[in-house]
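In what follows, a single structure is set out as structure tokens and then discussed.
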Amino acid sequence: MAAKIIFDTDIGWMNDDCMAAIFALKSPDLEVLGITPVMGNFDLNYSLLCALRLLELTGHEDVPVCRGFDRPLIHERGAYADKVWGKWALHEPVKDFPPGMPRLQADPRHASLFIAETVLAQPGEVTLVAVGPLTNVAMALRLYPEIARHVKEIVIMGGAIGRLPRGKGNITPAAEFNFWVDPEAARIVLHSGSPITLLPLNVCRRSHFSRALYLRIIDPASAYPEVAALYKQYIGPRFDDPELDRREPVLFYGVFDHACLGYVICPEIFTSVRMCVQVSVQPGLDYGVSHGYVKGDYVSGEDALPLESDLGAINVVYDMDFDHLAELYVAAVTGRAAANEL
Ligand code: BDR
Ligand code: CA
């Protein structure tokens with residue numbers, strides 16, 4: 001039976017979130033109950049348009065899109081964020097949207113309320129897949145803490161665990177972008193007692209959207225020509241120079257957010273460890289850094305390290321069989337087979 005998910009995302013036009021959304025919408029193993037955009041890589045107004053237009057162009061107009069938070073709980077946008085990846089809280093109307101303005105309207109419910117209502121209406125059945133800053137999810141948990149008992153799982157792309165391989169940060173030396181944008185929200189979610197699987201940069205860095213993968217997605221025999229057309233138009237130009245794929249394999253073609261969906265479909269291809277993950281909300285260089293540790297690694301006491309000893313352990317995924325994930329992804333977006341039969 002298809003897993004019921006809500007896809008919470010800082011979607012941009014044909015960025016990794018958007019490609020992951022296509023994966024989710026087309027996968028026979030997933031049922032997307034709703035999409036809840038949040039600011040992050042982009043201003044919320046833009047993310048909302050991306051989600052709505054994507055549904056129109058892929059034939060999924062029945063999936064509700066609920067507007068989420070347009071800024072983090074506390075973190076204010078600044079010059080550094082503007083210079084790097086984050087464009088949150090620009091509060092500017094979108095004047096030019098080349099894929100065409102959507103006709104489809106957003107659902108009137110706020111993202112956090114939609115998450116709460118949907119999870120509580122189907123206890124134990126709904127998985128939240130969160131691939132942007134965790135603001136919407138954190139506020140849903142603050143409004144209805146009982147979500148923690150009723151959600152099937154919260155599967156998160158976020159953080160970077162320095163004690164595990166490939167654990168450097170990507171926005172500051174040790175912080176990952178989604179957690180750094182809203183560290184307070186990440187803390188609320190990780191402290192909520194919900195069943196959580198975290199896919200930090202450690203595992204996402206095993207992914208690589210290659211030219212070969214692209215060519216398989218645009219296969220003329222694809223059952224979803226509309227999807228192939230989107231990849232051709234918006235991803236194709238990036239592959240005009242075949243050398244580029246070799247020179248910059250991850251930064252522009254990373255398929256980071258796909259890993260969360262792959263995990264929901266086929267957890268066997270991932271390697272995890274139980275860890276406590278503590279997110280720093282200390283202003284400065286440690287802001288948004290996720291520290292992972294195994295209980296018993298350190299003595300936690302009055303004059304020992306400032307570990308939060310009451311923090312429950314979560315499932316931290318740090319490695320995967322990317323070739324298998326790529327097969328699931330291609331099978332889903334080309335409609336080739338029931339993806340989980342691979
Ligand atoms: C995360 O930030 C976003 O740019 C990606 O979509 C991913 O969710 C990686 O730090
Ligand atoms: Ca994202």
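Scope of the values below: all heavy atoms of this structure, side chains included, with no hydrogens, waters or symmetry mates. Both counts, for ligands and for their atoms, begin at 1 and track the order of listing.
Shortest contact from atom 8 (O) of ligand 1 to any protein heavy atom: D257 OD1, 2.7 Å. Atom 10 (O) of ligand 1 has E176 OE2, 2.4 Å as its closest protein atom, hydrogens excluded (heavy atom only).
Of the polar atoms of M157, none of the N or O atoms is found under 3.5 Å from an N or O of ligand 1, judged by distance alone. Considering backbone and side-chain atoms together, D16 places an N or O closer than 3.5 Å to an N or O of ligand 1.
Excluding waters, the set of protein N/O/S atoms under 3.0 Å from the Ca ion (ligand 2) reads D10 OD1, D17 OD1, D17 OD2, V131 O, D257 OD2.
The side chain of D17, and not its backbone, has at least one atom closer than 4.0 Å to an atom of ligand 1 (non-hydrogen atoms only; side chain from C-beta on).
Under a 4.0 Å N-O distance rule, the pair E61/R103 qualifies as a salt bridge. Between R187 and E184 no salt bridge is recorded (no basic side-chain N to carboxylate O distance below 4.0 Å).
With 3.5 Å as the limit, one finds a donor-acceptor pair spanning the side chains of R67 and N45. The closest side-chain donor-acceptor pair between E176 and S290, if any, does not fall under 3.5 angstrom. In the model, D219 has no side-chain atom that pairs as donor or acceptor with a side-chain atom of T334 under 3.5 Å. D8 and T36 share a donor-acceptor pair across their side chains, judged by distance under 3.5 Å alone.
For ligand 1, the atoms sitting less than 4.0 Å from at least one non-hydrogen atom of N178 are 1 (C), 2 (O), 7 (C), 8 (O), numbered in the order shown with element in parentheses. Atoms of ligand 1 lying under 4.0 Å from any heavy atom of F256, numbered from 1 in the order shown and given with element: 9 (C).
For Y214, the OH atom is densely surrounded, since the number of other residues' heavy atoms within 6.0 Å is greater than 12. Atom NZ of K152 is surrounded by 12 or fewer heavy atoms from other residues, nucleotides or ligands within 6.0 Å.
Of the listed options N15, T9, N41, N170, N41 places a heavy atom closest to atom 3 (C) of ligand 1.
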* Determine, step by step, whether F209 and H258 satisfy the side chain to side chain contact (heavy atoms under 4.5 Å, CB included) criterion, reporting the C-alpha distance in whole Å, the side-chain angles of both residues, the deciding distance to 0.1 Å, and the verdict. => CA-CA 11 Å; F209 192 155; H258 298 51; 5.7 Å; no
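Every ring pair (Phe, Tyr, Trp, His ring centres under 6.0 Å) that Y46 has, sequence neighbours left out, goes to F42, F97.
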